[in-house]
**Q** 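My questions will all concern the structure given below.
Nothing here was measured: the structure is a model prediction, and the numbers come from that model.
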Amino acid sequence: QVQLVESGGGLVQAGDSLRLSCAASGRTFSTYAMGWFRQAPGKEREFVAAINWNIGRTDYADSVRGRFTISRDNAKNTVYLQMNSLKPEDTAVYYCAASIHWSRREYHYTNWGQGTQVTVSS
(Lines give C-alpha, C1' and ligand atoms only; values in the text may rest on other atoms or scores of the structure.)
Protein backbone atom coordinates (compact mmCIF):
# COMPACT_ATOMS: atom_id res chain seq x y z
CA GLN A 1 0.00 0.00 0.00
CA VAL A 2 2.08 2.87 1.37
CA GLN A 3 5.75 2.42 2.11
CA LEU A 4 7.30 4.67 4.73
CA VAL A 5 10.97 5.16 5.53
CA GLU A 6 12.14 7.20 8.51
CA SER A 7 15.53 8.82 8.79
CA GLY A 8 17.32 11.44 10.83
CA GLY A 9 17.58 9.77 14.20
CA GLY A 10 20.73 9.79 16.23
CA LEU A 11 22.43 10.52 19.52
CA VAL A 12 22.18 14.07 20.83
CA GLN A 13 22.58 15.91 24.10
CA ALA A 14 19.76 17.36 26.15
CA GLY A 15 18.72 20.70 24.74
CA ASP A 16 19.79 19.85 21.22
CA SER A 17 17.59 19.67 18.14
CA LEU A 18 16.97 16.96 15.62
CA ARG A 19 14.82 16.66 12.51
CA LEU A 20 13.28 13.39 11.47
CA SER A 21 12.09 12.70 7.95
CA CYS A 22 9.55 10.21 6.66
CA ALA A 23 9.50 9.53 2.94
CA ALA A 24 6.32 7.99 1.59
CA SER A 25 5.96 6.01 -1.60
CA GLY A 26 3.45 3.72 -3.23
CA ARG A 27 -0.28 4.39 -3.17
CA THR A 28 -0.29 7.57 -1.14
CA PHE A 29 -3.33 9.17 -2.76
CA SER A 30 -5.72 7.78 -0.14
CA THR A 31 -3.65 8.98 2.81
CA TYR A 32 -5.50 11.55 4.88
CA ALA A 33 -3.13 11.96 7.81
CA MET A 34 0.46 11.26 8.66
CA GLY A 35 1.53 10.73 12.22
CA TRP A 36 4.58 10.28 14.38
CA PHE A 37 4.61 7.82 17.26
CA ARG A 38 7.36 6.78 19.62
CA GLN A 39 8.13 3.86 21.87
CA ALA A 40 10.62 3.92 24.72
CA PRO A 41 12.02 0.73 26.25
CA GLY A 42 9.46 -0.89 28.53
CA LYS A 43 6.73 1.55 27.57
CA GLU A 44 3.73 1.52 25.30
CA ARG A 45 3.91 3.18 21.94
CA GLU A 46 2.51 6.69 22.20
CA PHE A 47 1.22 9.35 19.89
CA VAL A 48 3.53 12.28 19.22
CA ALA A 49 2.09 14.37 16.41
CA ALA A 50 -0.09 14.20 13.32
CA ILE A 51 -0.71 16.33 10.27
CA ASN A 52 -3.54 16.46 7.78
CA TRP A 53 -1.93 15.79 4.46
CA ASN A 54 -3.96 18.25 2.40
CA ILE A 55 -4.65 21.24 4.62
CA GLY A 56 -1.79 20.94 7.08
CA ARG A 57 -3.81 20.89 10.29
CA THR A 58 -1.66 19.58 13.12
CA ASP A 59 -2.12 17.83 16.43
CA TYR A 60 0.43 17.26 19.20
CA ALA A 61 0.76 15.26 22.34
CA ASP A 62 0.93 17.44 25.43
CA SER A 63 4.42 16.18 26.20
CA VAL A 64 5.86 17.63 23.00
CA ARG A 65 3.64 20.61 22.23
CA GLY A 66 5.75 23.74 21.94
CA ARG A 67 8.94 21.77 21.37
CA PHE A 68 8.16 19.60 18.34
CA THR A 69 6.80 20.69 14.99
CA ILE A 70 5.34 18.40 12.36
CA SER A 71 5.31 19.54 8.75
CA ARG A 72 5.03 18.08 5.29
CA ASP A 73 6.20 18.65 1.75
CA ASN A 74 3.44 17.39 -0.52
CA ALA A 75 5.58 17.54 -3.64
CA LYS A 76 8.18 15.29 -2.03
CA ASN A 77 5.68 13.05 -0.22
CA THR A 78 7.69 13.65 2.91
CA VAL A 79 6.72 14.40 6.49
CA TYR A 80 9.09 15.95 8.99
CA LEU A 81 9.31 16.13 12.73
CA GLN A 82 11.42 18.99 14.00
CA MET A 83 12.38 18.27 17.59
CA ASN A 84 13.78 21.10 19.69
CA SER A 85 14.82 21.30 23.33
CA LEU A 86 15.18 17.56 23.46
CA LYS A 87 15.04 15.85 26.84
CA PRO A 88 16.27 12.44 27.96
CA GLU A 89 12.65 11.34 28.26
CA ASP A 90 12.30 11.88 24.51
CA THR A 91 14.58 8.89 23.98
CA ALA A 92 12.64 6.33 21.95
CA VAL A 93 12.25 4.69 18.61
CA TYR A 94 10.25 7.08 16.46
CA TYR A 95 7.85 5.76 13.86
CA CYS A 96 5.94 7.50 11.12
CA ALA A 97 2.61 6.14 10.02
CA ALA A 98 -0.14 6.79 7.49
CA SER A 99 -3.88 6.79 8.05
CA ILE A 100 -7.02 7.37 6.02
CA HIS A 101 -8.52 8.95 9.14
CA TRP A 102 -7.71 12.09 11.07
CA SER A 103 -6.70 10.55 14.36
CA ARG A 104 -4.17 10.24 17.14
CA ARG A 105 -5.18 6.65 17.81
CA GLU A 106 -2.61 4.02 16.96
CA TYR A 107 -5.15 1.58 15.56
CA HIS A 108 -6.22 4.05 12.88
CA TYR A 109 -2.75 3.98 11.35
CA THR A 110 -2.38 1.01 9.04
CA ASN A 111 0.97 1.69 7.38
CA TRP A 112 4.14 2.04 9.41
CA GLY A 113 7.78 2.74 8.85
CA GLN A 114 10.65 0.78 10.34
CA GLY A 115 11.43 3.38 12.97
CA THR A 116 14.47 5.48 13.73
CA GLN A 117 16.26 5.63 17.07
CA VAL A 118 16.51 8.92 18.93
CA THR A 119 18.71 8.95 22.00
CA VAL A 120 19.03 12.03 24.19
CA SER A 121 21.78 12.06 26.77
CA SER A 122 21.79 14.26 29.85
Side-chain angles (χ1 to χ4, degrees):
Q1 309 289 344
V2 179
Q3 292 78 49
L4 305 173
V5 180
E6 303 96 334
S7 62
L11 173 63
V12 298
Q13 296 180 348
D16 284 353
S17 297
L18 204 59
R19 189 173 83 156
L20 306 182
S21 298
C22 176
S25 61
R27 296 182 174 87
T28 61
F29 65 90
S30 62
T31 299
Y32 188 74
M34 294 288 291
W36 286 96
F37 294 77
R38 67 186 183 186
Q39 186 168 28
K43 296 184 178 180
E44 300 290 333
R45 186 158 57 187
E46 65 176 345
F47 170 80
V48 176
I51 186 167
N52 178 284
W53 187 251
N54 293 317
I55 67 174
R57 180 172 182 153
T58 58
D59 188 24
Y60 297 94
D62 290 342
S63 60
V64 306
R65 185 174 290 110
R67 298 189 298 121
F68 291 10
T69 302
I70 187 171
S71 62
R72 91 289 196 216
D73 186 330
N74 298 65
K76 297 181 179 179
N77 282 334
T78 300
V79 177
Y80 306 95
L81 185 67
Q82 178 67 45
M83 305 183 293
N84 297 328
S85 301
L86 282 164
K87 305 174 181 179
E89 50 263 45
D90 294 318
T91 295
V93 176
Y94 283 72
Y95 301 89
C96 66
S99 174
I100 63 172
H101 307 285
W102 175 241
S103 175
R104 59 164 63 196
R105 311 296 281 268
E106 179 180 343
Y107 63 82
H108 279 139
Y109 290 79
T110 55
N111 298 92
W112 294 80
Q114 295 293 316
T116 185
Q117 177 71 48
V118 173
T119 302
V120 184
S121 63
S122 60

**Q** Kindly write out the residues that satisfy side-chain hydrogen bond (donor to acceptor under 3.5 Å, both in side chains) with Arg65, not counting sequence neighbours, or none if the list is empty.
**A** Asp62

**Q** Backbone N or O of Gln82 within a donor-acceptor pair of the Thr69 side chain at under 3.5 Å?
**A**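 Here the side-chain-to-backbone pair does not exist.
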
**Q** Check for a donor-acceptor pair, side chain of Thr58 on one end and backbone N or O of Ile51 on the other, with a separation under 3.5 Å.
**A** no

**Q** To the nearest 0.5 angstrom, please state how far the OG1 atom of Thr78 sits from the CZ atom of Arg72.
**A**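 Answer rounded to 0.5 Å: 12.0 Å.
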
**Q** Rounded to the nearest 0.5 Å, how far apart are CG of Asp73 and OH of Tyr80?
**A** 5.0 Å

**Q** Starting from Val79, can I reach Tyr95 by hopping between I/L/V/M/F/W/Y residues whose side chains sit under 4.5 Å apart?
**A** no

**Q** So which heavy atom on His101 is nearest to which on Tyr32, and how close?
**A**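 That would be C-CD2, 3.8 Å.
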
**Q** I need the minimum non-hydrogen distance between Leu86 and Arg67, along with the two atoms involved.
**A** CA-NH1, 3.9 Å

**Q** Minimum heavy-atom separation for Val12 to Ser17, with atom names?
**A**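 Where Val12 meets Ser17 most closely, the heavy atoms are CG1-O, 4.4 Å.
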
**Q** What do you reckon, is CD of Gln39 surrounded by more than 12 foreign heavy atoms closer than 6.0 Å?
**A** yes

**Q** Measure across Phe47 and Asp59 and return the closest heavy-atom pair with its distance rounded to 0.1 Å.
**A** CZ-O, 3.7 Å

**Q** Does Gln117 CD have over 12 foreign heavy atoms under 6.0 Å away?
**A**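 Correct, the count exceeds 12.
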
**Q** Are Phe37 and Tyr109 near enough that their ring centres are under 6.0 Å apart?
**A**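 Centroid distance Phe37-Tyr109: below 6.0 Å, so yes.
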
**Q** Taking atom CD as the centre, does Glu89 end up with more than 12 heavy-atom neighbours from other residues, nucleotides or ligands that are less than 6.0 angstrom away?
**A**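 Enclosed.
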
**Q** Could you check Glu6 against Leu20 for side chain to side chain contact (heavy atoms under 4.5 Å, CB included), going step by step and ending with a plain yes or no?
**A** CA-CA 7 Å; Glu6 303 96 334; Leu20 306 182; over 6 Å; no

**Q** How close do Val48 and Tyr94 get, counting heavy atoms only, and between which atoms?
**A**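 Nearest pair, atom of Val48 first, then Tyr94: CG2-CE2, 4.4 Å.
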
**Q** Going by the rule side-chain hydrogen bond (donor to acceptor under 3.5 Å, both in side chains), which residues pair with Glu46 if we only count those two or more places apart in sequence or in a different chain?
**A**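 Partners of Glu46 by the side-chain hydrogen bond (donor to acceptor under 3.5 Å, both in side chains) criterion, ordered by chain and then number, come out as Arg38.
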
**Q** Testing the basics here: between Ala40 and Ala92, what is the closest heavy-atom pair and its distance to 0.1 Å?
**A**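 Minimum heavy-atom separation between Ala40 and Ala92: N-CB, 3.8 Å.
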
